[in-house]
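Here the structure comes first, spelled out in structure tokens, and everything after it is commentary.
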Amino acid sequence: MSLESRVLTGYIPKHIAIIMDGNGRWAKKRNLPRTFGHKKGSENLKNITSVCNEIGIKALSVYAFSTENWKRPKEEIDYLMDLPSEFEETFKGKFKEEDIRVIFSGRRDRFPVKVQELINRVEEKTKDRQGLILNICFDYGSYTEILEGVKAISESYKKGEIKLEDINEDLMNSHLYTKELPKLDLLIRTSGEERISNFLLWQLAYSELFFAKKHWPAFNRKELFKALDNFQKRNRRFGGLKGDKK
Ligand code: FPP
């Protein structure tokens, strides 16, 4: 049986997240500018999103720009800020056909106005779609996400809207950007680095982690299936004993 057929007969995760690392190194190895690596990375995101949708994954969260990425050279930031618009242009029709919904997670106040407008437009236009939800984490950081949630909950407590006993996991989940998404099953980081880098810290509590050697532009359909195959061979216990079901 081929790798693909084997994976397709197994448990398909509902929500996967990807740290799309290594665009710069991929380009450097080929004597190309870093921005070319991001262009290839963006194209690869379109392909992998389609594959995930095709095989029934419900949500794909991707780390496209972190709260720390503002420290990069201006030229690179400008390029990264143009990617959502390029992404929208080249993928409008295909995403519509595939019924893919797009949401953005992260701060919005630091973007150029045209990026803020694009985010609102794309979310609004795709909000009723029933296929995969592509969650683009853009100016995203877990510390910020969690702290914003804690502040909102504290505010409700101060106003007397909730009691101390109401503060539980479900309430916290409902204050995170991922509130509409299924539990995170699997995190993939490309490019050989084995760090979480302030990505989905709360959501990762019981997720499986998979570190791929390939740089993001080279992480294709076959590599994704290899990661899913590896995921399916693991025995997730969620703190219980061997053989426990979810
Ligand atoms: C990490 O590689 C990658 C990024 C910081 C950018 C990722 C963004 C995309 C793939 C496109 C996103 C698309 C949309 C729609 C916003 P790196 O630059 O850290 O590579 P390096 O570690 O090799 O230097």
Side-chain angles (χ1 to χ4, degrees), residues 16-53 59-96 98 100-108 110-112 114-123 125-126 132-142 177 187-200 211-221 223-224:
I16 72 173
I18 305 183
I19 301 180
M20 307 180 289
D21 197 9
N23 290 345
R25 275 166 286 168
W26 181 90
K28 195 167 171 223
K29 248 172 65 181
R30 290 161 180 78
N31 276 321
L32 295 162
R34 290 178 57 79
T35 48
F36 192 78
H38 295 315
K39 181 173 159 46
K40 282 287 171 194
S42 175
E43 281 167 20
N44 195 41
L45 175 57
K46 292 170 205 168
N47 295 336
I48 293 295
T49 302
S50 289
V51 178
C52 287
N53 188 40
L60 170 63
S61 294
V62 293
Y63 212 177
F65 193 86
S66 85
T67 47
E68 307 312 310
N69 284 151
W70 295 105
K71 294 178 198 149
R72 293 193 174 196
K74 182 175 180 309
E75 188 201 295
E76 185 168 343
I77 290 177
D78 288 347
Y79 190 85
L80 289 167
M81 288 301 133
D82 277 340
L83 281 178
S85 130
E86 188 270 341
F87 198 81
E88 188 195 19
E89 271 315 302
T90 57
F91 218 31
K92 267 202 289 226
K94 193 163 156 52
F95 268 18
K96 191 166 182 201
E98 296 177 7
I100 289 170
R101 179 175 169 201
V102 181
I103 62 170
F104 284 81
S105 290
R107 284 181 63 165
R108 301 199 173 182
R110 299 194 283 190
F111 292 134
K114 71 173 184 76
V115 174
Q116 295 183 17
E117 285 169 356
L118 178 139
I119 290 177
N120 294 335
R121 182 172 65 243
V122 169
E123 286 191 337
K125 243 172 56 179
T126 66
L132 173 138
I133 303 177
L134 172 62
N135 173 29
I136 301 179
C137 299
F138 209 55
D139 201 4
Y140 173 88
S142 261
Y177 300 127
L187 170 81
I188 299 170
R189 181 172 189 148
T190 58
S191 207
E193 308 291 340
E194 302 192 357
R195 284 188 298 278
I196 303 300
S197 303
N198 199 18
F199 192 43
L200 302 174
F211 300 101
K213 289 268 181 303
K214 296 272 185 206
H215 296 312
W216 172 245
F219 188 86
N220 56 18
R221 179 181 184 109
E223 297 303 319
L224 176 69

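First listed ligand is number 1; within each ligand, the first listed atom is number 1.
Counting atoms of ligand 1 from 1 in the listed order, those under 4.0 Å from a heavy atom of R34 are 17 (P), 18 (O), 24 (O). Listed by atom number, the atoms of ligand 1 under 4.0 Å from F87 heavy atoms are 15 (C). The atoms of ligand 1 that sit less than 4.0 Å from any heavy atom of H38 are 4 (C), 6 (C), 18 (O). For ligand 1, the atoms lying closer than 4.0 Å to a non-hydrogen atom of G41 are 10 (C). Atoms of ligand 1 lying under 4.0 Å from at least one heavy atom of A64, given by number and element, are 6 (C), 7 (C), 8 (C), 12 (C), 16 (C).
The pair D82-K39 does not count as a salt bridge, with every side-chain nitrogen at least 4.0 angstrom from each carboxylate oxygen.
The number of heavy-atom neighbours closer than 6.0 Å to CD of E75, taken from other residues, nucleotides and ligands shown, is 12 or below.
Aromatic ring orientation, F36 versus W26: parallel (interplanar angle below 30°, classes split at 30° and 60°). Between Y140 and F199, the ring planes are perpendicular. Angles over 60° get that label, and only those under 30° would be called parallel.
Between I77 and W70, the shortest heavy-atom contact is CD1-O, 3.1 Å.
Distances between N or O atoms of Y63 and those of ligand 1 include no value under 3.5 Å. Residue W216 has no N or O atom closer than 3.5 Å to an N or O atom of ligand 1. Residue-to-ligand polar distances place G24 within reach of ligand 1: an N/O pair is separated by less than 3.5 Å.
Rounded to the nearest 0.5 angstrom, K46 NZ and E98 CD are separated by 12.5 Å.
Among L118, L80, L83, V115, the residue whose heavy atom sits closest to atom 14 (C) of ligand 1 is L83. When R72, E76, E193 are checked for heavy-atom proximity to atom 18 (O) of ligand 1, R72 turns out nearest.
A distance-only check finds a donor-acceptor pair linking the side chain of N44 to the backbone of F219 [under 3.5 Å]. No side-chain donor-acceptor contact under 3.5 Å links Y79 to the backbone of R34.
Here the protein heavy atom with the shortest distance to atom 3 (C) of ligand 1 is M20 O, 3.2 Å. Of all protein heavy atoms, the one closest to atom 13 (C) of ligand 1 is L45 CD2, 3.9 Å. Among protein heavy atoms, the minimum distance from atom 22 (O) of ligand 1 is reached at R25 NH2, 2.9 Å.
Of all the heavy atoms of F138, the ones lying under 4.0 Å from any atom of ligand 1 belong exclusively to the side chain.
In this structure, the side chain to side chain contact (heavy atoms under 4.5 Å, CB included) partners of N69, at least two apart in sequence or on a different chain, are F65, S66, R72. With sequence neighbours left out, the side chain to side chain contact (heavy atoms under 4.5 Å, CB included) criterion links K92 to E88, E89, K125.
The shell of residues lying under 4.0 angstrom from ligand 1, judged by heavy atoms, excludes K28.
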